[in-house]
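What you are looking at is a predicted structure, and each value in this text was computed from that prediction instead of being measured. Counting from 1, the numbers follow the sequence of the chain as shown.
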Amino acid sequence: MDFFTPVVDDPYAYGQIAAANALSDVYAMGGRPLTALNVAAFPMDDLPPKVIARILKGGGAKVREAGCSLVGGHTVRNPEPLYGLSVTGIVSPRRMITNANARPGDALILTKPLGTGIVATAIKRDKAPRALAARAVRGMKQLNTIGALVAEAGLVRAGTDVTGFGLLGHLIHICRSSKVAAVIHSDHVPAIGPGVFDLIAGGCVPGGSRDNLESAARYTTFQDVAEERKILLADAQTSGGLLLCVPRRHVDAVLRILEENNAACAVPIGEILASRHPRIRVS
């Protein structure tokens, strides 16, 4: 189950993003969503019914796109809007993706660019360039169906979706669970657009991303990495992509599936290393 407050102004897009974000938890484990329940809280006196309807319609559209059944839900009054889903899915135990099976030599492949937290903060402050905001919204609405495809093909050893803890935070979870380390090549990590770094320079960095970077300092070694790149790697994502640990022999096949299914990006950004200590090196 996952839900959050609005990250964009358009209620329909908000519903789509919140639903895609919740469905991602199933896809990130290589599963297929079967049923979903709406989880909603609205200020009934301040939010017009037509706006609420648009939020729910946006969520319903993503549920249908996922081939999932919306079977009900629950709504309560709340001073601030909240919307999301509780999702039930199915996965083969032999094909399930977890964060505990990464092996030295695995390539790290990212399926969506980073920066949604930064852009969402800029949107709230009315500082986001229109084209950059539109690109971020398209990415956040995109389903992570690719997780089920590569898992069912037996091509991925471990993985996770990249959400509130940022890329570094979620990668260290893989390292700890798998008893390995990792290296990230920061110049290989894509941002939603070059304008993201302008927004960082202008102070559009969410508090959660700054907290993530402070936490990352305990387990990450940065080698000549610019501050704006560090912030991007720690940026708290909304409906982010998947971070996949792929055996070298399967990299080309995974990249081909990503490209055939219009993944927002298909980029190897680093690799898993042998180590007694779960750490990340960023170069």
A.B. asks: Only one of N144, D161, L85 forms a side-chain contact (heavy atoms from CB on, under 4.5 Å) with D25, so which one is it?
C.D. replies: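 Per the side-chain contact (heavy atoms from CB on, under 4.5 Å) rule, the option paired with D25 is D161, out of N144, D161, L85.
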A.B. asks: Are the side chains of V150 and V246 in contact, using a 4.5 Å heavy-atom criterion?
C.D. replies: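 Side chain of V246 against side chain of V150, heavy atoms only: no contact under 4.5 Å found.
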A.B. asks: Below 4.5 Å, heavy atoms only, C-beta onward: do T98 and S177 meet side chain to side chain?
C.D. replies: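 No - every pair of side-chain heavy atoms lies 4.5 Å or more apart.
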A.B. asks: Under 4.5 Å between any side-chain heavy atoms of N212 and D235, yes or no?
C.D. replies: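 Sidechains of D235 and N212: no contact.
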A.B. asks: Might you work through the side chain to side chain contact (heavy atoms under 4.5 Å, CB included) test for I184 and R229, ending with a clear yes or no?
C.D. replies: CA-CA 12 Å; I184 293 290; R229 278 279 168 186; over 6 Å; no
A.B. asks: Between the side chain of R248 and the main-chain N/O of G105, is any donor-acceptor distance below 3.5 Å?
C.D. replies: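 It does hold such a pair.
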A.B. asks: So how far is it from D252 CG to L155 CG, rounded to the nearest 0.5 Å?
C.D. replies: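 Here the rounded value is 11.0 Å.
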A.B. asks: The criterion is ring pair (Phe, Tyr, Trp, His ring centres under 6.0 Å); which residues satisfy it with F4, sequence neighbours excluded?
C.D. replies: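 Ring pair (Phe, Tyr, Trp, His ring centres under 6.0 Å) list for F4, sorted by chain: empty.
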A.B. asks: For the CD1 atom of I172 and the CZ atom of R279, what is their distance to the nearest 0.5 Å?
C.D. replies: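 If we round to the nearest 0.5 Å, I172:CD1 and R279:CZ are 7.5 Å apart.
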A.B. asks: Between K230 and I200, is there a side-chain heavy-atom distance shorter than 4.5 Å?
C.D. replies: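 Counting from C-beta outward, I200 and K230 never come under 4.5 Å.
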A.B. asks: Would you compute the distance between atom CD1 of I231 and atom CG of L114 and round it to the nearest 0.5 angstrom?
C.D. replies: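 Rounded to the nearest 0.5 Å, the CD1-CG separation comes to 13.0 Å.
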A.B. asks: Using a side-chain heavy atom cutoff under 4.5 Å and only I, L, V, M, F, W and Y, what cluster partners does V91 have?
C.D. replies: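 For the cluster that includes V91, the remaining residues are M29, M96.
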A.B. asks: Kindly check if the number of other-residue, nucleotide or ligand heavy atoms within 6.0 Å of CZ (F165) is above 12?
C.D. replies: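 At most 12 heavy atoms, drawn from other residues, nucleotides or ligands, come within 6.0 Å of this atom.
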A.B. asks: At what distance, to the nearest 0.5 angstrom, does CD of E259 lie from CD1 of I146?
C.D. replies: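 The CD atom of E259 sits 10.0 Å away from the CD1 atom of I146.
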A.B. asks: Can you find a heavy atom in the side chain of E152 that is under 4.5 Å from one in the side chain of R32?
C.D. replies: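 E152 reaches R32 side chain to side chain.
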A.B. asks: Under 4.5 Å between any side-chain heavy atoms of E65 and L143, yes or no?
C.D. replies: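 With C-beta onward as the side chain, the pair touches.
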A.B. asks: Please examine the side chains of V7 and T116, heavy atoms only from C-beta on, and report whether any two atoms are closer than 4.5 Å.
C.D. replies: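 When only atoms from C-beta onward are counted, V7 and T116 do not touch, as no gap falls below 4.5 Å.
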A.B. asks: From L108 CG over to L167 CG, what is the distance, rounded to the nearest 0.5 angstrom?
C.D. replies: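 Nearest 0.5 Å value for the CG-CG distance: 8.5 Å.
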A.B. asks: Whether the side chain of H250 engages the backbone of V156 through a donor-acceptor N/O pair (distance < 3.5 Å, no angle test) should be reported.
C.D. replies: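 Not a single qualifying donor-acceptor pair exists.
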A.B. asks: For E214, is the CD atom crowded, meaning more than 12 foreign heavy atoms sit under 6.0 Å from it?
C.D. replies: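 Open: at most 12 neighbouring heavy atoms sit under 6.0 Å from CD of E214.
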A.B. asks: Just checking F3: does its CZ atom have more than 12 heavy atoms from other residues, nucleotides or ligands closer to it than 6.0 angstrom?
C.D. replies: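 Incorrect, the count does not exceed 12.
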A.B. asks: Please output the side-chain donor-acceptor pairs of residues 125-141 that fall under 3.5 Å, not counting sequence neighbours, one pair per line with the distance.
C.D. replies:
residue: R125; atom: NH1; partner: G203; partner atom: O; Å: 2.9
residue: R135; atom: NH1; partner: I192; partner atom: O; Å: 3.4

A.B. asks: Just verifying a value: how many Å separate S69 OG and L34 CG, rounded to the nearest 0.5 Å?
C.D. replies: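 S69 OG to L34 CG: 8.0 Å, rounded to 0.5 Å.
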A.B. asks: Would you say the side chain of P278 lies within less than 4.5 Å of the side chain of V180, judging by non-hydrogen atoms?
C.D. replies: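 With C-beta onward as the side chain, the pair stays apart.
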